[in-house]
Amino acid sequence: MSEKATLGINGKTYEFPIVKGTEDELGIDISSLRNSTGGIITLDPGFKNTGSCESAITFLDGEKGILHYRGYSIEELAEKAEFLEVAYLLIFGELPNKEQLDKFHDDIKHQSVVDEDVKKILDAFPKSAHPMGVLSSLTSALTAFNPSSVDVRSEEAMYKSIVKILGKFPVLVSWTLRKKMGQPLNYGSTSLGYVENVLQMMFSQPNEEYVLNPIVVEALDKLLILHADHEQNCSTSTVRIAGSSHAGLFVSLASGISALWGPLHGGANQAVIEMLEAIQKDGGDTKKYMAKAKDKEDPFRLMGFGHRVYKNFDPRAKIIKKAADAILNDLGIEDPILDIAKGLEKEALEDSYFVDRKLYPNVDFYSGVIYRALGIPTDMFTVMFALGRLPGWIAQWREMRLNKEPIGRPRQIYIGKTLRPFIPVEER
Ligand code: CMC
């Protein structure tokens, strides 16, 4: 394989180096294209062919259905690791030893109190507000209460901001839920593990002791690990690009939360359950919905199916499907929606429309079934995704800052009107 790519434009030839990743991925480095060609750019809507950075965090092979965090397989991490270990791994590059993990957890716990005035902001939202909008606003508002988190030049300053947000974000997540449910805002306990504390903060009632269910803890831990990073997806790219202007960490994350909200991205987990419920109400006629998904005149899509990068099984979906069966079984829940999901999957995998387009279930197809079984309201599902994705966003933001990446600023091909004279309003 040549180490250079050759491009011919109007009889002239240009050469560009080919970069190779550690997993043998190849990319043409066109960073000199515009200068060497006198202004020619590439056009790639949706960035389907464009790498925005070199990254050492997450590797995925969409053709083979492989996902690794820092060189560890997602299957092994989901089975053997805890969420906080995975967070440390993603952010700092190596699995922590016991001492490092304890210190990380202690530092996070000591930053887990949120300014009381944040409650006033939360109070101003209607109960009907979508939790993702609330979470994004509160995360952004945290900057005002922690101004030192904006100007992060040293690794030490970055670390402080990172443990602050890892401490305060679960509080915001739980308060978002409690506001929605009309329940008092509370704190968990520093004596609990990270995920246990999230559950306690979300679900404890003011008048009774909250008893943690180890099945629920393990299920949530696994889901958070599976969502923790996914290289340069829509929300992560948003975090990196917002942060590339040297906006602070918290507001960069708030931008990512907004991007995640959309139903084509993280919002799909809510959309999947709403779709499955609609199918159930409609008498369970999966064929009708399959036909709708294939009809190009109908905007309906089979939510939880398809992926920009995976053209094979999403490895996360495989793990979640297995976990959904086990968790519902362990909790003694029979959910007809799981059967509808399995039926849809089977039909889609045998249907030429889906087969030809390589559309497989993605991470969001079965995750909602588990969130439902854990008692989490449907419009909180994407918030749970955000909680899981937080360490990935942080890791990507940190990498971008440490690599001193330039401000993200794509180009365009202008297709609007050419220069024309201004016409006064009375003559238009
Ligand atoms: N149902 C029906 N048709 C689909 C679907 C679907 N879910 N997904 C893609 N297609 C069709 C699409 O219409 C197109 O057909 P054609 O070639 O005839 O025009 C073809 O498949 C390629 O689709 P695309 O929209 O060009 O692919 P993309 O890479 O731009 O979009 C996607 C990827 C995930 C946005 C899309 O598959 C989709 O909308 N899926 C449903 C939403 C969803 O589940 N999102 C969660 C993604 S995983 C969680 C995360 O965001 O990380």
Side-chain angles (χ1 to χ4, degrees), residues 44-50 57-58 60 62-63 65-67 69 74 90 132 223-240 256-276 278-279 286-321 341 344-371 378 381-393 396:
D44 186 22
F47 310 122
K48 291 190 176 191
N49 306 278
T50 298
I57 301 170
T58 288
L60 73 84
E63 268 68 38
I66 289 174
L67 175 61
Y69 296 163
I74 192 67
L90 285 168
M132 283 298 275
L223 277 179
L224 297 179
I225 291 174
L226 292 171
H227 285 87
D229 196 49
H230 212 238
E231 51 116 301
Q232 308 312 317
N233 56 83
C234 177
S235 57
T236 301
S237 300
T238 303
V239 170
R240 277 184 96 124
I257 296 166
S258 302
L260 186 74
W261 188 358
L264 298 189
H265 190 13
N269 56 13
Q270 174 178 344
V272 168
I273 289 294
E274 286 167 353
M275 174 186 80
L276 296 174
I279 297 175
T286 47
K287 297 234 164 12
K288 176 171 156 191
Y289 286 83
M290 287 288 289
K292 272 167 76 64
K294 294 190 283 180
D295 180 357
K296 291 288 169 202
E297 302 302 313
D298 190 329
F300 176 80
R301 281 190 165 200
L302 194 58
M303 299 313 288
F305 256 79
H307 198 277
R308 168 59 61 79
V309 186
Y310 292 120
K311 302 301 167 197
N312 197 326
F313 268 97
D314 179 336
R316 303 166 299 175
K318 272 194 198 168
I319 302 172
I320 294 179
K321 182 182 176 185
L344 269 179
E345 178 187 335
K346 188 166 179 297
E347 278 176 49
L349 294 179
E350 288 165 0
D351 188 299
S352 61
Y353 175 96
F354 289 87
V355 173
D356 293 350
R357 289 171 180 75
K358 301 193 168 116
L359 302 171
Y360 290 86
N362 60 48
V363 68
D364 290 324
F365 195 62
Y366 287 105
S367 63
V369 176
I370 303 185
Y371 289 135
T378 310
F381 290 0
T382 315
V383 167
M384 303 313 290
F385 189 153
L387 182 66
R389 184 54 54 90
L390 182 67
W393 286 332
Q396 302 272 352

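Whatever order the structure lists them in is the order used to number ligands and atoms, beginning at 1. All values reported here derive from a predicted model rather than from experimental measurement.
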Heavy atom of the protein closest to [atom] (residue, atom name, distance):
| atom | value |
| --- | --- |
| atom 1 (N) of ligand 1 | Leu302 N, 3.1 Å |
| atom 49 (C) of ligand 1 | Asp364 OD2, 3.1 Å |
| atom 26 (O) of ligand 1 | Lys48 NZ, 3.4 Å |
| atom 42 (C) of ligand 1 | Met303 CE, 3.5 Å |
| atom 36 (C) of ligand 1 | Arg301 NH1, 3.3 Å |
| atom 13 (O) of ligand 1 | Lys296 NZ, 2.9 Å |
| atom 41 (C) of ligand 1 | Phe305 O, 3.3 Å |

Checking side-chain hydrogen bond (donor to acceptor under 3.5 Å, both in side chains) for the pair Asp229/Thr58: CA distance, chi angles, key distance, verdict?
CA-CA 7 Å; Asp229 196 49; Thr58 288; 2.6 Å; yes
N or O pair under 3.5 Å between [X] and ligand 1:
| X | answer |
| --- | --- |
| Tyr353 | yes |
| Lys311 | no |
| Leu359 | no |

Under 4.0 Å, counting heavy atoms only: does Arg357 come that close to any atom of ligand 1?
yes
In this structure, does ligand 1 have an atom that sits under 4.0 Å from one of the heavy atoms of Gly304?
yes
CA sep, side-chain torsions, deciding dist, call: Met132, Val383, side chain to side chain contact (heavy atoms under 4.5 Å, CB included)
CA-CA 6 Å; Met132 283 298 275; Val383 167; 3.7 Å; yes
Regarding Asp44 and Thr50, do their side chains bring together a donor and an acceptor under 3.5 Å, going by distance alone?
yes
For ligand 1, does [X] get within less than 4.0 Å through its side chain, its backbone, both, or neither, judged by non-hydrogen atoms?
| X | answer |
| --- | --- |
| Val272 | neither |
| Arg308 | both |
| Leu264 | both |

[X] heavy atoms, cut-off 4.0 Å: which ligand 1 atoms fall inside?
| X | result |
| --- | --- |
| Val363 | 49 (C) |
| Ala268 | 43 (C), 44 (O), 45 (N), 46 (C) |
| His265 | 46 (C), 50 (C), 51 (O), 52 (O) |
| Ala293 | 2 (C) |

When the ring centroid of Phe300 is compared with that of Tyr289, is the distance short of 6.0 Å?
yes
Validation row, ring centre His307 to ring centre Phe365 under 6.0 Å:
no
Validation row: [X], [Y] side chains within 4.5 angstrom (heavy atoms):
| X | Y | answer |
| --- | --- | --- |
| Phe354 | Leu302 | yes |
| Arg389 | Ser235 | yes |
| Thr378 | Glu274 | yes |
| Met290 | Asp351 | yes |
| Tyr353 | Leu359 | yes |

Can you figure out which of Leu260, Val309, Asn362 has its heavy atom closest to atom 47 (C) of ligand 1?
Asn362
Apply side-chain hydrogen bond (donor to acceptor under 3.5 Å, both in side chains) to Glu347 and Thr286, showing your working.
CA-CA 8 Å; Glu347 278 176 49; Thr286 47; 2.6 Å; yes
For the residue pair Tyr360 and Phe313, does the interplanar ring angle fall in the parallel (under 30°), tilted (30 to 60°) or perpendicular (over 60°) class?
tilted
Does the protein put a heavy atom under 4.0 Å from atom 33 (C) of ligand 1?
yes
For the backbone of Cys234 and the side chain of Thr238, can you confirm whether one donor and one acceptor N or O come within less than 3.5 Å of each other?
yes
